[in-house]
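Quick notes on the structure that follows.
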Number of protein chains: 2
Amino acid sequence: MRARFVDAAEAILREEGGHAVSARVVAEKAGLKAQLLFYYFRTMDDLLRAVIRRINERRLERFEQALVSPEPLRALWDLNTDASSAILAIELNALANRREAIRAEIVDGARQFRLIQTEAAKRLLPSSAGSAAGIVMIAASLARMLANETALGLTEGHADAIAIVEQFLARPESNTREEETAPI
Amino acid sequence: MRARFVDAAEAILREEGGHAVSARVVAEKAGLKAQLLFYYFRTMDDLLRAVIRRINERRLERFEQALVSPEPLRALWDLNTDASSAILAIELNALANRREAIRAEIVDGARQFRLIQTEAAKRLLPSSAGSAAGIVMIAASLARMLANETALGLTEGHADAIAIVEQFLARPESNTREEETAPI
DNA sequence: GTCTATATAATGATAGAC
DNA sequence: GTCTATCATTATATAGAC
């Protein structure tokens, strides 16, 4: 039952945005009564915290999968530009901006993801290791903006920005497997 | 009177975010009655459209000023990273995501700003003219993310990302005045 | 655990007097 | 133009029966 509410809330967060995640809407999506929601989760903030925890867990799983793919750097770019992931990241950010009670949960998750992506970038791009954190930030911010603007129908400049990323990904170093650059 | 409501609404949008821009809160900030707001603006969407138009106008003015400064490229970066501007850009984006009625106003303004920034980048960076739109997107997206995360207390990677931008701005070409590179 | 009913606050908006 | 009064809707919850 808890899971059904969390599923519904996450779906609405992805499809409609954080502002649409209300008790009645979530309950309707779950096919349950809104009052039941308050039985399983004392407050809406509790529900949102549960949603955020699950989103963060799944993001880490997908990150680990990307790391062991044939082209890890491209896989990480694809993970960040995936429309649903990027829009979810934006919604979480907006949620953190306006709801103090769940801010820590979101910010801590984002910080953790930033740090492990940076560690991975250092290993995958040894010659740019000193700029790894900056490269991760540039890629993450660009990915989110591309997804958000595309959803709004604004695509001016997108092809150009993607071309720069593709150029970066096509470099020899970017296509080196991790075990070749950082053997055990 | 109209201007007082617009002033108040913009201030709340900057300070509290788009979700806080309600009729009662705006009216209180303006020192007027909420019902008067509906006399001057038929709906809240009308008020928001007026706010957006003024924000877009002022953004264009500040852009023109940046162009004639001694270091136009740095001035443009400063304009985009200014905390209030960057957070306002994020709030407008979030607003466009959830309010169909004002989406066009926001998206059209963003598109216009993207295009003129790209034109300026082409002139200021003739050797990278082909990537100007991409460079503008990267700078704009990074600037917004830096401002938003700083507001949330998340600063991991920021110094690193800023170092990459500073390196770019320190290149000889980046410091060439426009009249030297593109004489009349 | 799940139901009906209800409390309380905020929202966008309107009616009609002055 | 500005006021008081009001409405309909939605929000997060809570009380208490079954």
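Keep in mind it's a predicted model, so treat the numbers as computed, not measured. Naming: A, B, ... by sequence-line order, numbering from 1 per chain.
- Scanning atom types as modelled, no donor and acceptor separated by under 3.5 angstrom connect the side chain of Arg24(B) and the base of dA10(C).
- The separation between Phe5(B) atom CZ and dA13(C) atom P is 14 Å, rounded to whole Å.
- Atom C1' of nucleotide dC7(D) and atom CZ of Phe38(B) are separated by 13 Å, given to the nearest angstrom.
- Note: CG (Leu47(B)) to C1' (dG12(C)) measures 12 Å, nearest angstrom.
- Whole-Å rounding puts the Met44(B) CE to dA13(C) C1' distance at 11 Å.
- Comparing atom distances between the Tyr39(A) side chain and each of dT11(C), dG1(D), dG1(C) picks out dG1(C) as nearest.
- Side-chain contact annotation: Asn56(B) with Arg59(B), donor-acceptor N/O pair under 3.5 Å present.
- Counting to the nearest Å, the P atom of dT4(C) and the CG atom of Leu32(A) are 13 Å from each other.
- Atom CG in Leu36(B) sits about 14 Å away from atom C1' in dA13(C), given to the nearest Å.
- With the nearest nucleotide of DNA chain D identified for both Tyr40(B) and Gln35(B), Tyr40(B) has the one nearer the 5' end.
- Ring geometry, Phe5(B) versus Phe41(B): the interplanar angle exceeds 60°, so the pair is classed perpendicular (tilted spans 30 to 60°).
- Between atom CD1 of residue Ile55(A) and atom CG of residue Leu88(A) there is a gap of 4.0 Å, rounded to the nearest 0.5 Å.
- Atoms NZ (Lys33(A)) and P (dT4(C)) sit 4 Å apart, rounded to a whole Å.
- What separates CG of Leu37(A) from C1' of dC3(C) is a distance of 15 Å, to the nearest Å.
- Within the 3.5 Å criterion, the main-chain N or O of Gly18(B) finds a donor-acceptor partner in the side chain of Glu91(B).
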